Structures are given as structure tokens and as C-alpha cells.
**Student:** 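The following block contains the structure, expressed as C-alpha cells.
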Amino acid sequence: MQTAPLNELIWQIVASIPEGKVATYGQIATLAGYPNHARYVGTTLKKLPKDTGLPWHRVVNARGESSFPKGSDAYKRQMERLEAEGVIFRNGRLSFSRYGIEQRP
DNA sequence: CAAATGACGGTGC
DNA sequence: GGCACCGCCATTT
């Protein structure tokens, strides 16, 4: 276990993402207090158990799209989940101005 | 111990 | 607006 507060912190941030919104890996890392740990966030999520219950589908890369290869199972699953929450994908991408956690009027 | 990998980000053209 | 290269960190081989 070696105590992994960073891991739990990341899970907390992901779980804190409002429904119908999304966040980038770098954003989560920054919120966690580690600006350049974007990669680590993805690596951590990958290690998550499948029964984690964590809404990882609300996490996307800086491009505003899924980080999985198109046509992959996880890719479709994530997109479907987001659509179910009101997130509209445009050409496989979404608008951060509308779904980004950065609250904007 | 060193090199390679990976659910990434930012800048340049 | 899209494509390409470099940089970042932690984990794995």
C-alpha cells in the first residue's frame, strides 16, 4: 500500500466532477496540487479496478476527446456515458467551454 | 541501475 | 484549425 494519498486524492478529484461536465488529466493533476502530473493521473486511472465506481468517463485529454483508440470498447463506453449525462460529442470531441469544469457564465 | 512505456500537455509550424 | 516534436513524471521490464 505504501500509502498513496496522491492516488486517493486523484480519485477524489475525479469523483468531484459535476455530472454533465468533464475534466482533463492535467486539470485534475493541477487541482491535486501537481501541475505536471497529467500523465501520472492517466497511469493511476489505468490501475483502477473495474469495480472502482469512479466516474473515469468524465475524464478526457486536453484535446477534449477520449484518450482511448477509436473503436475500442472503453472509448464507446465513455462516450455513451457522457452522452447520457448531457455531454454532446462533436466529431468525436466536446466543447470545454460548455462541459469544462472551469465554470463559465 | 538504465531504458522503455503510458487513460498527457504545451508550443511551433 | 490540424499535425508534429519535445517535455513531464511515475511505474514496469
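Letters go in sequence order (proteins before strands), and every chain restarts at 1. This structure is a prediction, so every number in the text was calculated from the model and none was measured.
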**Student:** Would you mind reading off the distance between A:Phe96 atom CZ and B:dG10 atom C1', rounded to a whole angstrom?
**Tutor:**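 After rounding, the reported distance stands at 14 Å.
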**Student:** For B:dG10, does OP1 or OP2 lie under 4.0 Å from any side-chain N or O of A:Arg63?
**Tutor:**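 Negative; the distance criterion is not met.
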**Student:** Quick one: is A:His37 getting a side-chain N or O under 4.0 Å of the C:dA10 phosphate, OP1 or OP2?
**Tutor:**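 For C:dA10, OP1 or OP2 has a side-chain N or O of A:His37 closer than 4.0 Å.
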**Student:** Write down the distance between CG (A:Asn36) and C1' (B:dG6), rounded to a whole number of angstrom.
**Tutor:**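 In whole Å, B:dG6 C1' and A:Asn36 CG are 16 Å from each other.
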**Student:** Contact class for A:Thr24 (heavy atom, under 4.0 Å): base, sugar-phosphate, or nothing?
**Tutor:**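 Here A:Thr24 touches the backbone only, sparing every base.
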**Student:** Send over the distance from A:Arg90 CZ to C:dG2 P, rounded to a whole Å.
**Tutor:**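 Rounded to whole Å, this separation is 10 Å.
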**Student:** Taking 4.0 angstrom as the limit, do A:Arg58 and A:Glu85 come out as a salt bridge?
**Tutor:**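 Looking at A:Glu85 together with A:Arg58, the answer is yes, because their closest N to O distance falls below 4.0 Å.
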**Student:** Please round to the nearest 0.5 Å and tell me the distance separating atom CD of A:Gln27 and atom CD1 of A:Ile13.
**Tutor:**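 Reported to 0.5 Å precision, the distance equals 10.0 Å.
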**Student:** Run through A:Arg77, A:Gln78, A:Met79 and flag the one making a side chain to side chain contact (heavy atoms under 4.5 Å, CB included) with A:His57.
**Tutor:**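 Of A:Arg77, A:Gln78, A:Met79, side chain to side chain contact (heavy atoms under 4.5 Å, CB included) with A:His57 is met by A:Gln78 alone.
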**Student:** Write down the distance between CH2 (A:Trp56) and P (B:dG6), rounded to a whole number of angstrom.
**Tutor:**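 Spelled out: CH2 on A:Trp56 to P on B:dG6 is 18 Å.
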**Student:** side-chain contact (heavy atoms from CB on, under 4.5 Å), that's the test. Do A:Ile101 and A:Ile17 meet it? Break it down for me.
**Tutor:** CA-CA 7 Å; A:Ile101 53 180; A:Ile17 302 174; 4.1 Å; yes
**Student:** CD of A:Glu65 versus P of C:dG1: gap in Å, rounded?
**Tutor:**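 Answer to the nearest Å: 14 Å.
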**Student:** Quick one: A:Asn61 CG to C:dC3 P, roughly how many Å, whole number?
**Tutor:**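 Atom-to-atom, A:Asn61 to C:dC3, this comes out as 14 Å.
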**Student:** On the nucleotide C:dT11, are OP1 or OP2 found under 4.0 Å from the side-chain N or O atoms that A:Thr43 carries?
**Tutor:**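 It does not, given that no N or O in the side chain of A:Thr43 lies less than 4.0 Å from OP1 or OP2 of C:dT11.
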**Student:** On DNA chain C, check which nucleotide each of A:Arg39 and A:Lys47 is closest to and give me the residue with the more 5' one.
**Tutor:**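 Between the two, 5'-proximity favours A:Arg39.
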**Student:** In whole angstrom, what separates A:Tyr34's OH from C:dG7's P?
**Tutor:**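 Distance, rounded to whole Å: 24 Å.
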**Student:** Of the listed nucleotides (B:dG9, C:dG2, C:dT11), which one gets closest to any side-chain atom of A:Tyr40?
**Tutor:**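 Nearest listed nucleotide: C:dT11.
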**Student:** Provide the closest heavy-atom pair for A:Tyr40 versus A:Asn7 in the form atom of the first, atom of the second, distance.
**Tutor:**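 Looking at all heavy atoms of both residues, the shortest contact is OH-OD1, 2.6 Å.
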**Student:** From CD1 of A:Ile10 over to C1' of B:dC8, roughly how many Å is that when rounded to an integer?
**Tutor:**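 After rounding, the gap between these two atoms is 12 Å.
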**Student:** Picking from B:dC8, B:dG9, C:dG2, which would you name as closest to the side chain of A:Ser67?
**Tutor:**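 Of the options given, the side chain of A:Ser67 lies nearest B:dC8.
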